[in-house]
Amino acid sequence: LERDAPIRVHRTGLREDSGGPGQFRGGLGIVREYEVLEGDVTFTYRGERHYCSAAGAQGGGRGGMARGIIHRADGRIEEIQSKLVTQLRAGDRVVIETAGGGGFGAPTLRDATLVQADVDNGKVSAAQSQKVYRAG
C-alpha cells in the first residue's frame with residue numbers, strides 16, 4: 001500500500017478487549033491506522049457492526065463493536081458512522097477498529113492461565129481480566 005499510494009500505515013494489529021468474554025474468548029477485531037502523506041484522497045468507508053455486536057453463546061459476552069475515527073491534521077476528530085465518503089488531506093489520519101466475535105461459555109470458567117496469557121499477549125486488558133473473568 002505504501003509503495004502504491006501516498007499513504008503511511010502507522011499501526012496494524014489485534015484490537016485489545018474486542019473479543020467477547022467467555023470460557024472460550026471471542027475472536028479479536030483488528031486496528032489499523034493510516035496517514036495521508038500528500039494530496040487529496042477520496043476516502044470511502046463501508047463498515048459493519050457499528051451499532052450492534054456479535055452475540056455470545058452459552059453465557060459468553062458480546063464482542064466489541066466496530067468504530068472508525070478521522071484525526072484531521074488541524075486537530076479536529078470525526079467519528080465515522082458505518083458508511084462514509086469524504087475527502088482526506090495531507091496529515092489526516094484514519095483509525096479503523098473492526099468488531100470482535102462473541103465469547104462462548106461463562107467467562108468465569110475460563111482457565112486462569114489462559115486469561116493471564118491473553119493479558120500478556122495484549123488480547124485482554126488487565127482491567128477487563130479482573131472485572132470480567134474473575135468476577136464470579
Side-chain angles (χ1 to χ4, degrees):
L1 178 67
E2 291 176 329
R3 199 178 325 186
D4 295 334
I7 295 171
R8 177 174 295 132
V9 179
H10 281 275
R11 174 173 48 146
T12 187
L14 296 174
R15 182 178 169 206
E16 184 178 67
D17 291 339
S18 60
Q23 180 179 4
F24 301 96
R25 180 186 37 75
L28 299 176
I30 60 170
V31 58
R32 290 194 177 132
E33 181 176 354
Y34 307 93
E35 179 184 7
V36 176
L37 300 177
E38 61 185 59
D40 290 345
V41 173
T42 299
F43 174 66
T44 303
Y45 180 77
R46 297 290 179 256
E48 296 295 331
R49 298 231 176 252
H50 280 248
Y51 305 108
C52 65
S53 58
Q58 302 294 314
R62 300 185 79 80
M65 289 191 291
R67 59 183 247 164
I69 298 173
I70 299 172
H71 296 269
R72 298 288 184 178
D74 65 9
R76 290 179 295 132
I77 297 174
E78 300 172 16
E79 186 168 344
I80 301 171
Q81 302 304 313
S82 66
K83 311 293 187 251
L84 173 77
V85 177
T86 191
Q87 289 295 120
L88 301 176
R89 294 180 173 70
D92 289 348
R93 288 186 183 210
V94 177
V95 178
I96 304 296
E97 297 179 350
T98 65
F104 182 87
T108 54
L109 297 177
R110 186 159 176 82
D111 184 278
T113 59
L114 295 176
V115 174
Q116 187 58 53
D118 287 343
V119 172
D120 293 345
N121 292 317
K123 295 177 180 178
V124 174
S125 67
Q128 184 179 21
S129 76
Q130 292 300 312
K131 176 181 165 189
V132 176
Y133 286 99
R134 296 298 151 221

Hey, could you give me the [atom1]/[atom2] distance between [X] and [Y], rounded to the nearest 0.5 Å?
| X | Y | atom1 | atom2 | value |
| --- | --- | --- | --- | --- |
| Glu16 | Glu97 | CD | CD | 11.0 Å |
| Lys83 | His50 | NZ | NE2 | 7.0 Å |
| Leu84 | Arg46 | CG | CZ | 7.5 Å |
| Ile70 | Glu79 | CD1 | CD | 10.5 Å |
| Asp92 | Glu78 | CG | CD | 8.0 Å |
| Thr12 | Ile96 | OG1 | CD1 | 11.5 Å |

Shortest non-hydrogen separation from [X] to [Y] and the atoms involved:
| X | Y | value |
| --- | --- | --- |
| Ala126 | Ser129 | O-OG, 2.8 Å |
| Gly59 | Pro107 | O-CD, 3.6 Å |
| Arg110 | Phe24 | NH1-CA, 3.8 Å |
| Ala90 | Ala73 | O-CB, 3.7 Å |
| Leu37 | Arg8 | CD2-NH1, 3.6 Å |
| Ala54 | Gly100 | CB-O, 3.7 Å |

- Task: Please answer: with hydrophobic residues joined when any side-chain heavy atoms are less than 4.5 Å apart, are Phe43 and Val36 in the same cluster?
- Result: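 Yes: a chain of side-chain contacts under 4.5 Å links Phe43 to Val36.
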
Is there side-chain contact between [X] and [Y], with heavy atoms separated by less than 4.5 Å?
| X | Y | answer |
| --- | --- | --- |
| Arg11 | Val95 | yes |
| Val119 | Tyr133 | no |
| Arg49 | Met65 | no |
| Val124 | Val115 | no |
| Val9 | Glu2 | yes |
| Gln81 | Tyr45 | no |
| Val94 | Ile80 | yes |
| Arg15 | Leu28 | no |

- Heavy-atom neighbours of Arg67 CZ exceed 12 at 6.0 Å: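 Atom CZ in Arg67 is not crowded, with 12 or fewer foreign heavy atoms closer than 6.0 Å.
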
- Counting N and O atoms only, with roles assigned by atom type, does the side chain of Arg62 sit under 3.5 Å from a partner on the main chain of Ser53, one being a donor and the other an acceptor?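 Here the side-chain-to-backbone pair exists.
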
- With a 4.0 Å cut-off, would you call Asp74 and Arg72 a salt bridge?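 Arg72 and Asp74: not salt-bridged.
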
